[in-house]
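Each residue takes its place number in the sequence, starting with 1. Heavy-atom basis, side chains included; hydrogens, waters and symmetry copies ignored.
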Amino acid sequence: MKDTSYKRHIAKTVTWRLVGTIDTILLSWIISGDPLIGLQIGIYEVITKMVLYFLHERVWFKVNLSKDGKILESRKRHIAKTITWRMVGTIDTMTLAWIVTGNPLTGFKIASVEVVTKMLLYYLHERTWYKINFGLPKRTNE
């Protein structure tokens, strides 16, 4: 049986990156006071976060199989994915913001605010994708 989940993970990666990048650009602009800094951090994040997110999705797909091979879905799983992804994402944002601005405090401020906004946005993104069957074999109701 061919694994069609790659298409789903790529689509989720792209949609999440759009949401995440817009959030990062706006927060970086507001916190730094410079729209160019916001754009620069956002552009760098597109590259780093897409790779990291895709890998995160693959790991969660592989570790979350039931005995019969069906994906287990639940709100608890989405919360756990939200937390693990946010840890990865926050470290990436803080590092990029520090490098771009040259100021570790600015990197910390941007990453700190982003923890809250991104966790909410990511959870909503996960719940939305849970309702979409794209890239999944036929799903049975749990």
Side-chain angles (χ1 to χ4, degrees), residues 1-67 69-139 141-142:
M1 179 178 174
K2 186 177 176 187
D3 182 5
T4 60
S5 65
Y6 280 99
K7 290 179 186 177
R8 178 180 181 83
H9 296 150
I10 290 169
K12 281 182 74 175
T13 299
V14 170
T15 58
W16 171 245
R17 195 63 260 138
L18 289 171
V19 170
T21 298
I22 291 167
D23 183 58
T24 297
I25 290 169
L26 291 175
L27 290 176
S28 298
W29 176 2
I30 290 166
I31 291 169
S32 73
D34 186 344
L36 294 177
I37 285 177
L39 281 172
Q40 194 174 12
I41 293 169
I43 289 168
Y44 289 141
E45 264 200 3
V46 167
I47 298 162
T48 60
K49 292 277 193 330
M50 284 186 79
V51 171
L52 292 171
Y53 184 85
F54 180 81
L55 294 173
H56 184 262
E57 279 295 303
R58 294 305 301 165
V59 167
W60 271 95
F61 182 75
K62 296 292 182 188
V63 298
N64 197 44
L65 294 176
S66 68
K67 290 180 183 174
K70 293 180 184 168
I71 298 172
L72 299 174
E73 298 287 350
S74 71
R75 292 185 194 276
K76 288 179 185 175
R77 177 178 182 268
H78 295 149
I79 290 169
K81 279 182 73 175
T82 299
I83 292 167
T84 58
W85 171 246
R86 192 65 260 136
M87 290 179 345
V88 171
T90 297
I91 291 167
D92 184 56
T93 298
M94 186 168 41
T95 303
L96 289 173
W98 179 355
I99 291 168
V100 169
T101 65
N103 184 341
L105 184 58
T106 301
F108 180 76
K109 286 179 185 177
I110 292 169
S112 296
V113 174
E114 211 182 57
V115 166
V116 176
T117 61
K118 289 284 195 321
M119 285 185 80
L120 175 63
L121 291 169
Y122 183 84
Y123 180 80
L124 294 172
H125 184 261
E126 278 295 306
R127 294 304 300 163
T128 300
W129 271 96
Y130 176 65
K131 297 174 188 302
I132 299 170
N133 288 327
F134 177 78
L136 290 177
K138 266 189 166 176
R139 188 186 317 197
N141 291 337
E142 295 124 70

key: Option passing side-chain contact (heavy atoms from CB on, under 4.5 Å) with L27 (candidates D23, I25, T24)   = D23
query = If every non-hydrogen atom of T21 is compared with every non-hydrogen atom of G42, which pair is closest and at what distance?
reply = CG2-O, 3.8 Å
message = Working to the nearest 0.5 angstrom, can you tell me the gap between I41 CD1 and T48 OG1?
response = 11.0 Å
task = Decide yes or no on side-chain contact (heavy atoms from CB on, under 4.5 Å) for H56 and L52, but give the supporting numbers first.
result = CA-CA 6 Å; H56 184 262; L52 292 171; over 6 Å; no
query = Of all heavy-atom pairs between A97 and G107, which one has the smallest distance, and what is that distance?
reply = CB-CA, 3.5 Å
key: Spatial distance of atom CH2 (W29) from atom CD1 (I37) [nearest 0.5 Å]   = 12.5 Å
query = What salt bridge (charged side-chain N to carboxylate O under 4.0 Å, His left out) pairs are there with at least one residue in residues 30-47, not counting sequence neighbours?
reply = R17-E45, E45-K49
remark   = Here the gap from Y122 atom OH to R86 atom CZ, rounded to the nearest 0.5 Å, amounts to 10.0 Å
query = Where do T84 and V88 land on the side-chain contact (heavy atoms from CB on, under 4.5 Å) test, with the steps shown first?
reply = CA-CA 7 Å; T84 58; V88 171; 6.0 Å; no
inquiry  = Quick check for you: to the nearest 0.5 Å, what is the distance between T117 atom OG1 and I22 atom CD1?
reply    = 12.5 Å
remark   = Nearest heavy-atom contact between N103 and L105 is OD1-N, 2.8 Å
task = Verify the neighbour count for atom CZ of F108: are there more than 12 heavy atoms of other residues, nucleotides or ligands below 6.0 Å?
result = no
note = Here the gap from I110 atom CD1 to T93 atom OG1, rounded to the nearest 0.5 Å, amounts to 8.5 Å
inquiry  = Pair W16, W85 - check side-chain contact (heavy atoms from CB on, under 4.5 Å), show working.
reply    = CA-CA 11 Å; W16 171 245; W85 171 246; 3.2 Å; yes
ask   = How close do S28 and G38 get, heavy atom to heavy atom, and via which atoms?
value = CB-CA, 3.5 Å
message = Testing the basics here: between T13 and H9, what is the closest heavy-atom pair and its distance to 0.1 Å?
response = OG1-O, 2.6 Å
key: Listed partners of I83 passing side chain to side chain contact (heavy atoms under 4.5 Å, CB included), at least two apart   = I79, M87, M119
Results of side chain to side chain contact (heavy atoms under 4.5 Å, CB included) for V51 - residues two or more places apart only = L55
key: Heavy-atom side-chain contact between E114 and M94 under 4.5 Å   = no
task = Could you tell me the separation between the CZ atom of F54 and the NZ atom of K12, rounded to the nearest 0.5 Å?
result = 12.0 Å
remark   = The complete set of salt bridge (charged side-chain N to carboxylate O under 4.0 Å, His left out) pairs with one or both residues in residues 98-110, sequence neighbours excluded, reads none
query = Sequence neighbours excluded, which residues qualify as side chain to side chain contact (heavy atoms under 4.5 Å, CB included) partners of Y44?
reply = Q40, L96, V100
request  = Look only at the side chain of R8 and the backbone of I132, and say whether a donor-acceptor pair between them is shorter than 3.5 Å.
outcome  = yes
ask   = Can you name the side chain to side chain contact (heavy atoms under 4.5 Å, CB included) partners of L124, sequence neighbours left out?
value = L120
